[in-house]
Peer 1: 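Submitted below is the structure of interest, expressed as structure tokens.
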Amino acid sequence: MNGNIWSGWGVSQIGPLHIKNNIPNQDAYVVKQFSWGIIGIVCDGLGSKSYSHIGSNALVKSVVQASKIFDFDAKDRVLFEPLVRDLWQMNINPYTADETATTLLFGIVKNKKIYIGRVGDGAIAVLGTNSRLIEEDKDSFTNYTTPFGRETLIEWKIYAEEEVDNIVLCSDGISEDIKKERMLDFFKNYVSNYKKLSPLKRNKEIKKWLENWPVRGHTDDKTIVTLIKESNE
């Protein structure tokens with residue numbers, strides 16, 4: 001059978017400050033394969049919110065639920081956001097959206113297309129024919145990130161499947177420690193270093209790398225998700 005097989009992995013490591021203060025990891029992620037493709041999601045709960053870890057986990061769950069039932073070919077993709085928002089509000093109940101504020105990054109491979117979406121900070125690297133980096137354009141004065149469910153809508157990028165080889169998504173605990181001009185090379189090397197390892201060895205090595213993050217004074221949770229395309233021709 002001709003076509004492409006997608007696989008992936010994700011790793012999350014709680015930040016030193018959260019360990020010290022006995023605060024849960026506020027990042028959440030998933031890599032999930034379906035008969036129709038694959039989805040990778042990273043959500044980073046806002047540190048100032050009491051239940052942001054609940055919000056990030058609930059939003060990951062909501063995007064998976066929406067992706068399973070949403071027909072991107074038949075419907076305008078702007079309708080995807082209110083569907084996710086409604087599911088998220090049910091999944092965070094009895095907490096409020098403000099108490100559970102979180103960012104959102106995702107990559108969905110479905111119907112031979114790549115659907116990339118983001119709200120808030122963190123970074124997405126789309127690697128392939130024309131590799132590109134997708135980040136939030138923060139206000140340089142406030143450095144404030146807008147969480148999902150507020151006035152900022154999902155920023156979409158759509159690509160043909162043949163244009164893309166790999167997708168890497170990471171929370172700002174990683175992206176903010178890397179110079180922007182070096183970020184694409186960083187993610188390319190990351191994929192190259194880990195894609196051929198066994199899942200157990202890969203998870204162990206990445207976890208150790210994130211625990212011993214080579215930036216002095218780092219405090220934040222760190223999460224990184226990778227989607228890999230393999231030809232099946």
Side-chain angles (χ1 to χ4, degrees), residues 10 12 25-32 39-70 72 75-92 95-110 113-126 132-159 167-176 180 183 187 220-227:
S12 187
N25 186 341
Q26 293 171 323
D27 288 359
Y29 77 92
V30 76
V31 175
K32 195 168 183 64
I39 182 168
I41 310 165
V42 173
C43 293
D44 179 0
L46 270 61
S48 60
K49 303 301 181 179
S50 304
Y51 301 104
S52 65
H53 60 290
I54 292 173
S56 59
N57 279 281
L59 188 51
V60 164
K61 178 181 178 181
S62 303
V63 175
V64 171
Q65 291 172 324
S67 300
K68 289 165 68 175
I69 62 175
F70 193 82
F72 285 97
K75 297 180 180 179
D76 188 329
R77 65 178 180 270
V78 299
L79 298 174
F80 185 76
E81 180 157 15
L83 173 61
V84 172
R85 189 186 301 115
D86 287 346
L87 290 166
W88 182 59
Q89 289 173 345
M90 287 189 290
N91 289 330
I92 61 174
Y95 303 102
T96 67
D98 185 63
E99 290 175 310
T100 57
T102 178
T103 65
L104 171 63
L105 306 174
F106 64 82
I108 301 170
V109 181
K110 193 171 188 179
K113 291 182 181 178
I114 311 289
Y115 299 91
I116 301 293
R118 52 150 293 277
V119 180
D121 54 23
I124 305 173
V126 179
R132 67 222 78 183
L133 187 68
I134 302 167
E135 288 187 290
E136 180 185 34
D137 183 17
K138 286 187 179 180
D139 185 317
S140 59
F141 294 101
T142 64
N143 201 36
Y144 174 76
T145 189
T146 302
F148 176 79
R150 299 276 179 88
E151 65 274 11
T152 300
L153 300 178
I154 292 174
E155 178 187 328
W156 290 91
K157 303 289 183 183
I158 316 296
Y159 306 102
I167 304 163
V168 185
L169 312 94
C170 71
S171 60
D172 70 335
I174 292 175
S175 63
E176 288 195 349
K180 187 169 184 177
M183 209 173 290
F187 288 125
D220 204 2
D221 304 326
K222 294 169 181 60
T223 301
I224 186 164
V225 157
T226 307
L227 302 181

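Residue numbers count from 1 along this sequence.
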Peer 1: How would you list, by chain and number, every residue that makes a side-chain hydrogen bond (donor to acceptor under 3.5 Å, both in side chains) with Ser52, sequence neighbours excluded?
Peer 2: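 For Ser52 the side-chain hydrogen bond (donor to acceptor under 3.5 Å, both in side chains) partners, ignoring immediate neighbours, are Gln26.
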Peer 1: Sequence neighbours left out, what passes ring pair (Phe, Tyr, Trp, His ring centres under 6.0 Å) with Phe80? Give chain and number order.
Peer 2: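 Phe80: ring pair (Phe, Tyr, Trp, His ring centres under 6.0 Å) contacts with Phe70, Phe72, Phe106, Trp156.
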Peer 1: Residues two or more places apart in sequence or in another chain: which of them pass side-chain hydrogen bond (donor to acceptor under 3.5 Å, both in side chains) with Asp221?
Peer 2: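 Per chain and number, Asp221 pairs via side-chain hydrogen bond (donor to acceptor under 3.5 Å, both in side chains) with His18.
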Peer 1: For a side-chain contact (heavy atoms from CB on, under 4.5 Å) check, start with the C-alpha distance between Ile174 and Asp172, then their side-chain angles and the critical distance, and finish with the verdict.
Peer 2: CA-CA 5 Å; Ile174 292 175; Asp172 70 335; over 6 Å; no
Peer 1: State which residues pass side-chain contact (heavy atoms from CB on, under 4.5 Å) with Ala58; sequence neighbours excluded, sorted by chain then number.
Peer 2: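 Trp88, Asn91, Ile92.
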Peer 1: Given Ile41 and Tyr29, is the side-chain contact (heavy atoms from CB on, under 4.5 Å) satisfied, shown in steps?
Peer 2: CA-CA 5 Å; Ile41 310 165; Tyr29 77 92; over 6 Å; no
Peer 1: Kindly write out the residues that satisfy side-chain hydrogen bond (donor to acceptor under 3.5 Å, both in side chains) with Ser12, not counting sequence neighbours, or none if the list is empty.
Peer 2: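 For Ser12, the residues satisfying side-chain hydrogen bond (donor to acceptor under 3.5 Å, both in side chains) (neighbours in sequence not counted) are Asn25, Thr223.
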Peer 1: Specify the closest pair of heavy atoms between Thr145 and Gly120, including all atoms of both residues, with the distance to one decimal.
Peer 2: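 Taking every non-hydrogen atom into account, OG1-CA, 3.2 Å.
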Peer 1: Which heavy atom of Thr102 sits nearest a heavy atom of Gly55, and at what distance?
Peer 2: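 Heavy atoms of Thr102 and Gly55 come nearest at CG2-O, 3.7 Å.
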Peer 1: Is Tyr95 close to Gln89 at the side-chain level, that is, under 4.5 Å between some pair of heavy atoms?
Peer 2: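 Gln89 does not reach Tyr95 side chain to side chain.
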Peer 1: Under a 3.5 Å distance rule, please check whether Lys222 uses its side chain to pair with a backbone N or O of Asp220 as donor and acceptor.
Peer 2: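 Looks like yes, one N/O pair under 3.5 Å.
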Peer 1: State, with a plain yes or no, whether a side-chain heavy atom of Ile154 is found less than 4.5 Å away from one of Arg118.
Peer 2: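 Heavy-atom side-chain distance check fails, nothing below 4.5 Å.
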Peer 1: Between Ile124 and Leu133, is there a side-chain heavy-atom distance shorter than 4.5 Å?
Peer 2: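 Not touching, per the 4.5 Å side-chain cut-off.
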Peer 1: Any donor and acceptor pair, going by atom type alone, linking the side chain of Ser171 with main-chain N or O of Asp44 inside 3.5 Å?
Peer 2: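 Absent.
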Peer 1: Below 4.5 Å, heavy atoms only, C-beta onward: do Lys113 and Ile108 meet side chain to side chain?
Peer 2: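 No, too far: nothing below the 4.5 Å cut-off.
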Peer 1: Do the charged groups of Lys180 and Glu135 touch, with an N to O distance under 4.0 Å?
Peer 2: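 Yes.
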Peer 1: State, to 0.1 Å, how close Glu136 and Asp121 come at their nearest heavy-atom pair, and which atoms those are.
Peer 2: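 Looking at all heavy atoms of both residues, the shortest contact is OE1-N, 3.2 Å.
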Peer 1: Considering only heavy atoms from C-beta outward, does the side chain of Lys157 approach that of Tyr115 to under 4.5 Å?
Peer 2: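 Not touching, per the 4.5 Å side-chain cut-off.
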Peer 1: Applying side-chain contact (heavy atoms from CB on, under 4.5 Å), can you list everything that pairs with Asp98, at least two apart in sequence or on another chain?
Peer 2: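 Asp98 satisfies side-chain contact (heavy atoms from CB on, under 4.5 Å) with Lys49, Thr96, Arg150 once adjacent residues are dropped.
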Peer 1: Dump the intermediate steps for side-chain contact (heavy atoms from CB on, under 4.5 Å) on Ile116 and Ile158, then the final yes or no.
Peer 2: CA-CA 6 Å; Ile116 301 293; Ile158 316 296; over 6 Å; no
Peer 1: Any chance you could lay out the side-chain contact (heavy atoms from CB on, under 4.5 Å) test for Val119 and Thr103, step after step, and finish with the verdict?
Peer 2: CA-CA 6 Å; Val119 180; Thr103 65; over 6 Å; no
Peer 1: According to salt bridge (charged side-chain N to carboxylate O under 4.0 Å, His left out), does anything in residues 51-61 pair up with another residue at least two apart or in another chain? List the pairs.
Peer 2: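 Every candidate salt bridge (charged side-chain N to carboxylate O under 4.0 Å, His left out) pair involving residues 51-61 fails, so no pair, neighbours aside, qualifies.
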Peer 1: The criterion is side-chain contact (heavy atoms from CB on, under 4.5 Å); which residues satisfy it with Val31, sequence neighbours excluded?
Peer 2: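 For Val31 the side-chain contact (heavy atoms from CB on, under 4.5 Å) partners, ignoring immediate neighbours, are Ile38, Val225, Leu227.
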Peer 1: What I'd like to find out is whether the side chain of Leu104 reaches to under 4.5 Å of the side chain of Val63, using heavy atoms alone.
Peer 2: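 Answer yes - side chains close enough.
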Peer 1: Donor-acceptor pair, Lys110 side chain versus Ser67 backbone, under 3.5 Å?
Peer 2: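 Yes, because the side chain of Lys110 sits within donor-acceptor range (under 3.5 Å) of the backbone of Ser67.
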Peer 1: Please say which of Val30, Leu59, Asp27, Leu105 ends up in a side-chain contact (heavy atoms from CB on, under 4.5 Å) with Cys43.
Peer 2: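 When Val30, Leu59, Asp27, Leu105 are each tested with Cys43, the side-chain contact (heavy atoms from CB on, under 4.5 Å) holds only for Leu59.
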Peer 1: To check you understand the geometry: which heavy-atom pair defines the closest contact between Cys170 and Val42, and what is its length?
Peer 2: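 Where Cys170 meets Val42 most closely, the heavy atoms are C-CG1, 4.4 Å.
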